[in-house]
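Okay, structure first, notes after.
Read the numbers this way: they start at 1 and go in the same order the structure lists the ligands and their atoms.
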Amino acid sequence: MKWETAYFTDFLMVRRLIQIATAVYVFSSTIDAEGFTSGGVLHPSQSAYDVDYYELFFDVSPNRQFFTAISKAKISIQSPLDIIRFDLVDAFKVKKTFVDGIESQFSHKEHVLKISTSVDVSDKMLEVEVHYSGHPPVAINPPWDGGFTWASDSSGNPWVGMSSANEGGKVFFPCKDHPSDRPDSAAISITVPKGLMAASNGKLINITHGKTKSTFHWKTRYPIANYNINFTIGKFYREQKTFTSISGQEMPVVFYILEENRDRASTHLDMAMKMISSHETYFGKYPFIDEKFGLVETPYLGMEHQTINAYGNQFRYTELGGEPFDWLLLHELGHEWWGNSVNVSDWADYWIHEGICTYADALYHRNVEGEKGYHKKMASARKGIKNEKPLIPKRNASTDEVYQGDIYGKGAYLLHSLRFIMGDEKFFRALKQFATSEDFTYKNLVSDKDFVKHFSLVSGLELNSFITKMLYSTKLPQKIVKEVTGNYFELSVQGLSRLPVEVKIDAEVRRMKLTDDPIRIRASEKPVIDPNHWYLWAKDFQK
Ligand SMILES: [Zn+2]
């Protein structure tokens with residue numbers, strides 16, 4: 001998601017607040033999703049198993065703001081256990097649980113579902129089935145404070161969105177709510193009143209129709225994070241085009257758009273395809289090419305749900321390179337590489353999702369408007385940085401402990417500095433390898449250590465101290481230019497670990513290594529250290 005817009009109070013949000021107020025008034029059992037967080041220290045009993053597969057069935061009643069559901073999880077047991085511990089919010093009532101088809105005892109309190117079983121061997125596969133129902137938590141400020149958004153389109157048709165990036169999948173299904181474990185694949189079936197559609201992840205396998213209801217059966221064969229499992233319900237028009245990847249493979253690009261906006265679908269998909277093409281040149285082929293690039297119009301701003309990005313920016317285009325441009329479309333699309341394919345096992349490394357994705361936004365600006373556009377975008381990212389808290393305050397962190405605006409801007413700036421340090425050839429090669437290597441994608445989750453190791457290896461430089469300082473502290477280097485006498489100046493830099501800087505000396509820009517031991521330079525004007533602002537400096541944040 002995008003931080004800068006977190007406090008936008010637009011027409012959409014006002015409308016939503018009215019709807020939420022109504023929801024709370026009508027359904028006294030409705031709770032909001034505020035206060036839920038995801039990740040943190042993995043509970044020991046959850047490290048005893050891995051989830052391989054989720055199969056979810058929802059029967060949604062938009063009028064009642066209610067659903068009944070069955071979830072099936074295939075798990076592989078890593079070490080003997082007596083209890084299978086899932087996360088599921090208390091808003092739901094669990095009716096029955098089964099382990100390998102046999103009904104089992106359970107308890108459900110404090111948002112934890114414990115199912116009794118007894119497995120005394122490892123390497124065993126189990127199927128755990130849960131029958132439950134309820135009024136799911138209502139989103140207060142989606143997608144930042146997520147949950148369900150019960151809205152309606154301008155003709156009064158139900159329009160239901162769901163967002164859970166910071167709360168985790170437990171706000172709508174029983175899961176191991178931790179980033180370190182993502183299933184290999186997932187299937188989601190959504191039953192809705194006839195006439196409505198449900199858009200979800202992966203491929204639409206089929207649609208079955210009953211007398212008053214229709215069921216949409218979706219399946220993804222790619223690994224997926226629990227917060228990326230998602231559906232949106234509405235009276236949609238479906239537009240599809242074909243994208244040809246850099247690899248030559250063709251793929252559908254699909255937009256589930258409100259019928260009232262159907263005329264906008266074609267232009268919007270053309271814009272998306274242009275962005276995907278640009279990203280493919282930097283980060284390699286689109287990571288979910290065997291399924292689709294999908295968009296669905298949502299009653300909240302947006303989210304990077306894998307192969308079905310939430311789009312709620314209401315077609316408020318600006319201009320880039322003389323053409324209409326949608327920043328939200330670009331940003332969420334970038335997450336298909338950064339967040340969905342390359343993904344972290346600990347929310348401490350949230351900056352890998354948001355920082356590199358924000359940097360990807362800047363590279364699209366570079367593609368359209370050249371270096372000038374790129375530097376303009378990075379300057380705007382820099383202005384948003386506060387540098388008050390480190391990007392990584394601790395390891396084994398929850399979303400709440402880490403989420404702040406700097407994971408976007410300062411995270412992106414780290415990449416910007418590395419581009420300068422490494423030079424374009426090595427930097428862009430390292431970035432593409434990080435996005436495409438089997439070691440760093442899909443099931444192979446990454447951390448800051450993988451990033452440091454990989455970029456150091458490709459550059460042949462010791463980058464650990466610079467990167468670690470950028471991530472774990474708010475300390476930034478200092479640059480000092482002192483006029484000594486006449487046309488002589490003393491230049492020094494502190495805290496940059498002997499990395500190169502640009503220095504503008506009269507009309508010339510030189511690449512130099514400066515340390516805290518000042519060097520004397522002759523110039524007719526005062527020299528400028530780092531005139532193109534490749535680094536963040538302590539001075540940038542002095543109040
Ligand atoms: Zn984002």
Whether H331 has an N, O or S atom under 2.8 Å from the Zn ion (ligand 1):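 Given the 2.8 Å cut-off, H331 counts as a ligand of the Zn ion (ligand 1).
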Is there a donor-acceptor contact under 3.5 Å linking the side chains of N201 and E291?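 Short answer, no.
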Any I257 side-chain heavy atom under 4.5 Å of R238 side chain: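 Heavy-atom side-chain distance check fails, nothing below 4.5 Å.
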So do Y442 and R182 actually touch side chain to side chain, heavy atoms under 4.5 Å?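 Heavy-atom side-chain distance check fails, nothing below 4.5 Å.
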Which is the closest N/O/S atom of H335 when seen from the Zn ion (ligand 1)?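 Distance check against the Zn ion (ligand 1) picks out NE2 in H335.
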As a test of reading the structure, name the N/O/S atom of E354 that is nearest the Zn ion (ligand 1).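 Checking each N, O and S atom of E354, the shortest distance to the Zn ion (ligand 1) belongs to OE1.
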Report the distance from atom CG of N166 to atom CH2 of W347, rounding to the nearest 0.5 Å.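 Rounded to the nearest 0.5 Å, the CG-CH2 separation comes out at 7.5 Å.
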